[in-house]
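Reviewing the structure listed below.
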There are 6 protein chains.
Amino acid sequence: MDLTHFKDGRPHMVDVTEKEKTFRTATAEAYVELTEEALLALEGGGVGKGDPLQVAQLAGILGAKRTADLIPLCHPLPLTGIEVRVELEKEARRVRIEATVRTKAETGVEMEALTACAVAALTVYDMLKAASKGLVISKVQLLEKTGGKSGPWRRDRGEG
Amino acid sequence: MDLTHFKDGRPHMVDVTEKEKTFRTATAEAYVELTEEALLALEGGGVGKGDPLQVAQLAGILGAKRTADLIPLCHPLPLTGIEVRVELEKEARRVRIEATVRTKAETGVEMEALTACAVAALTVYDMLKAASKGLVISKVQLLEKTGGKSGPWRRDRGEG
Amino acid sequence: MDLTHFKDGRPHMVDVTEKEKTFRTATAEAYVELTEEALLALEGGGVGKGDPLQVAQLAGILGAKRTADLIPLCHPLPLTGIEVRVELEKEARRVRIEATVRTKAETGVEMEALTACAVAALTVYDMLKAASKGLVISKVQLLEKTGGKSGPWRRDRGEG
Amino acid sequence: MDLTHFKDGRPHMVDVTEKEKTFRTATAEAYVELTEEALLALEGGGVGKGDPLQVAQLAGILGAKRTADLIPLCHPLPLTGIEVRVELEKEARRVRIEATVRTKAETGVEMEALTACAVAALTVYDMLKAASKGLVISKVQLLEKTGGKSGPWRRDRGEG
Amino acid sequence: MDLTHFKDGRPHMVDVTEKEKTFRTATAEAYVELTEEALLALEGGGVGKGDPLQVAQLAGILGAKRTADLIPLCHPLPLTGIEVRVELEKEARRVRIEATVRTKAETGVEMEALTACAVAALTVYDMLKAASKGLVISKVQLLEKTGGKSGPWRRDRGEG
Amino acid sequence: MDLTHFKDGRPHMVDVTEKEKTFRTATAEAYVELTEEALLALEGGGVGKGDPLQVAQLAGILGAKRTADLIPLCHPLPLTGIEVRVELEKEARRVRIEATVRTKAETGVEMEALTACAVAALTVYDMLKAASKGLVISKVQLLEKTGGKSGPWRRDRGEG
């Protein structure tokens, strides 16, 4: 199997010039595993007008738009929709992030959805680190994509 | 416990104007769990001149420098040293990333080290996603920090 | 009336994936009200080769291209034309800025025109603040837009 | 009166290398004048979990950090504190924004405070423009600064 | 001959809204002339796992994506392919950089190819400057372009 | 001779945390060799209010501030002064660019001065390319630096 991002042993931005533009979506998720201290701080912080999770949510939206700046071989894409959810799963003592990105383009938006999740998760960490430095960001992963020549893909249907 | 990033219920960038500048370091890590296909592609790709893991490593260094742009309440800091390692742990079928960031500043560089790891991990995903979309980024976490009023912290010494 | 930028109470970047691309323009304006000192400095400064208003004009053009980076819920758009005028209205003792932005896209460029005006106005302030800190930026407002499903809009025709 | 941003008729970034670092603050404000439709939309939007004004507030904080990227002759400064308030003044049918920025540096943060206000105001416009395009951003102005050789300045004490 | 980037004496971003999107490519080159010390350092550095020229190559790819941010009157374009080669020409004691950029757009990608070359060349300088500050970047020039109304152009066919 | 930007074969951002901050300057230059057509266009363009060379000059100042974003292993530095000159040397049928950058920091600003020159030169090319695509950017080189442990360096004094 060849890595498409390499050509004659050199990284490059894959040429998609002649591919057709098709509708594409990608959905990813990430988790921030909280400590007890962080959970308490988060619940306390949520009482006021400022909701730390909304800060993370916005950071995720902005992060998706910076993907091609951050990931060297990503194509700059005209994103046409970004949704990010950031929710406290209190029982599981964790924050769950889910991001869906849409475009009509020659290539997919998997990296944009994953970057949105990662940036939102880092922002959750930033806001809670005064309470506890031991938080862990985990399971940053693609859940589903649609569009493109390779067609739909879903994590829960297994995968090669 | 109050969230320092909130004041009267509003997020803000914490005032550190009158804190003293001290030497600070932070070290973080992240993992990318590979599938069999991704491992094969990575080993094949590494044969040529272009090493996918070096792409990720550089992306991590650049990512650290973008932290204050990405994380809304982070202070812009004059980073004075960034090291990122990206290594294949073949037995464990995963890539391990470790980043250490240094500064002399009023506040710490934990977020910079974590952002370096997250961006490097996303870049690994990007380069291997043609082989397998099922890779998972996990355990993005702080390992150690030094400097600042709260002093040193190490994950392996347990933590409140 | 619902705010389109909110969905289930959460901000999001509105999904425009399936909208058609149409020609769109937007024109906005802004004013910088000068003090007597600032006016004198501006007229003096204009004598040399360097024209402070041209600095502001270029800053406006560059600012329009940064809109999606600055305004969290704005779509990144392929701008196809940007014009910015920055003119001293000596009688009125103010600087007037007018920006027109064009694209062929699924959504409009009102924010790009307004951002161009705001950044140009801030730049005028920056260049004159050594003469006088009391300058005021005012009437940053949309004058006209064309294209899109809602059709043309002009400020001077009143508005719903 | 010479414009300090010009030297031999050419714009330049003023040399502050040998100035001493001192504590500095700047506070600025801006207003978004609402229409009736926009006010209704804003009050409706505020009912849910997502508060449009918090989106603007965060955009303002991030905007302050981008000042040296946007304003050509501004120095990049190590900002040490940013506070932005965005409040609905219902009686006056307007949104008021106030931003305070702090640093310890060779030059002041007036532009950072003004940029925070302008970006927050543009974001308010963006979120309400579906309700009404006729909103006007006005009175983007410096209220107060402290620090630096020229000492404190306050708008309400009059000024040339 | 008029400069298209100027209109009524003011710089502007040329209006290409109604031009058709066509396939376009541009190829540019640049050289970094080495000193003896720099050549030795480069050859020594190339022995390990880290190849300085790959750092430059990636910087070039990322640089191409920043073109519209850097060059005031450039249009933001949806780049669809970027290739950068960075090779030591040992006999000539220099590094040669070649970049090809592709898009399907209303205007060409000459500036993107040239910017990729310039940023890669600056990066080569940065990595070798500890060995020798006397390196010279030279012949940053367009080699070829295709697409657009003006059709193909090649340096070696002569040109006015 | 080792490359300081590599450590154990991996590129890194050199640790300068414990170096002292000293005053530093760097001056660099670059040339854009014009064709006859470009010279005519430039002289014609200069007649109006808009001076193409001032556009390039500002782009150079802004470019210096983006150096650490563009050059992977560069430290982000608090630049305290930037001057850029862009002048037509009519006899020699070329444009000469000279940039001087200043800081008080742990490491030098050679890359910032060179980046300013390169970005200004690319901007000159951009503005003249409608007249002639055959322009060549040449001799992007450091002229002088002061400060730092290695002390002053001047090109004209020869160098190993």
Side-chain angles (χ1 to χ4, degrees), chain C residues 1-11 30 35-37 40-42 44-45 47-50 52 55 58-59 62-63 66-67 69-74 110-111 114-115 118-119 121-123 125-142 145 153 155 159-160, chain D residues 1-11 30 35 37 40-42 44-45 47-50 52 54-55 58-59 62-63 66-67 69-74 110-111 114-115 118-119 121-123 125-142 145 153 155 159-160:
Chain C
M1 170 96 213
D2 285 341
L3 291 178
T4 54
H5 279 333
F6 282 78
K7 185 172 166 182
D8 307 336
R10 266 195 313 277
T35 58
E36 196 58 44
E37 291 83 353
L40 286 170
L42 184 55
V47 167
K49 266 183 303 173
V55 179
L58 271 178
L62 281 157
R66 308 294 288 277
T67 304
D69 262 6
L70 293 171
I71 313 298
L73 307 176
C74 265
E110 293 94 321
M111 292 317 301
L114 287 161
T115 301
V119 172
L122 290 165
T123 302
Y125 185 96
D126 182 44
M127 286 185 298
L128 296 177
K129 71 180 195 291
S132 167
K133 289 181 174 49
L135 311 190
V136 179
I137 297 171
S138 67
K139 288 206 279 181
V140 185
Q141 57 187 11
L142 188 68
K145 81 164 198 72
W153 179 93
R155 173 168 297 272
E159 181 242 3
Chain D
M1 169 101 214
D2 284 341
L3 291 178
T4 53
H5 280 333
F6 282 78
K7 185 173 166 180
D8 306 337
R10 269 194 312 277
T35 58
E37 292 83 351
L40 286 170
L42 184 55
V47 167
K49 265 183 302 173
Q54 190 180 337
V55 178
L58 270 178
L62 282 157
R66 308 295 288 275
T67 303
D69 263 4
L70 293 170
I71 312 298
L73 307 177
C74 266
E110 293 94 318
M111 291 317 301
L114 286 161
T115 301
V119 172
L122 289 166
T123 302
Y125 185 97
D126 182 45
M127 286 185 298
L128 296 176
K129 73 179 193 293
S132 168
K133 290 182 174 46
L135 311 190
V136 179
I137 296 170
S138 67
K139 289 206 278 184
V140 185
Q141 58 188 8
L142 189 67
K145 83 164 197 68
W153 179 93
R155 173 168 297 274
E159 180 241 6

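Numbered from 1 within each chain, the chains take letters A, B, ... in sequence-line order.
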* **Selection from C/Lys139, C/Lys145, C/Glu110, C/Met127 maximising heavy-atom pairs under 4.5 Å formed with chain D** => C/Met127
* **Pairs of heavy atoms under 4.5 Å with chain C: top-ranked of D/Ala30, D/Ala118, D/Pro72, D/Cys74** => D/Pro72
* Asked: Under the side chain to side chain contact (heavy atoms under 4.5 Å, CB included) criterion, do C/His5 and D/Thr123 qualify, and how do the steps go?
  -> CA-CA 11 Å; C/His5 279 333; D/Thr123 302; over 6 Å; no
* To do: Report the distance from atom CG of D/Leu114 to atom CD of D/Gln141, rounding to the nearest 0.5 Å.
  => 9.0 Å
* Which atoms of D/Leu122 approach chain C - backbone, side chain, both or neither, heavy atom under 4.5 Å -> both
* Structure fact -> dist C/Leu70:CG -> C/Thr115:OG1 (nearest 0.5 Å) comes out at 6.5 Å
* To do: Taking all heavy atoms of D/Tyr125 and all of D/Lys133, pick out the closest pair and write down the distance.
  => OH-O, 2.7 Å
* **Option that, when pairs with chain D are counted at under 4.5 Å, heavy atom only, ranks first among C/Leu58, C/Leu128, C/Asp69** => C/Asp69
* Can you tell if the side chain of C/Val119 reaches within under 4.5 Å of the side chain of C/Leu62, non-hydrogen atoms only? -> no
* Part of C/Met111 lying under 4.5 Å from any heavy atom of chain D -> side chain
* **Per-residue contact mode, D/Lys7 against chain C (heavy atom under 4.5 angstrom)** => neither
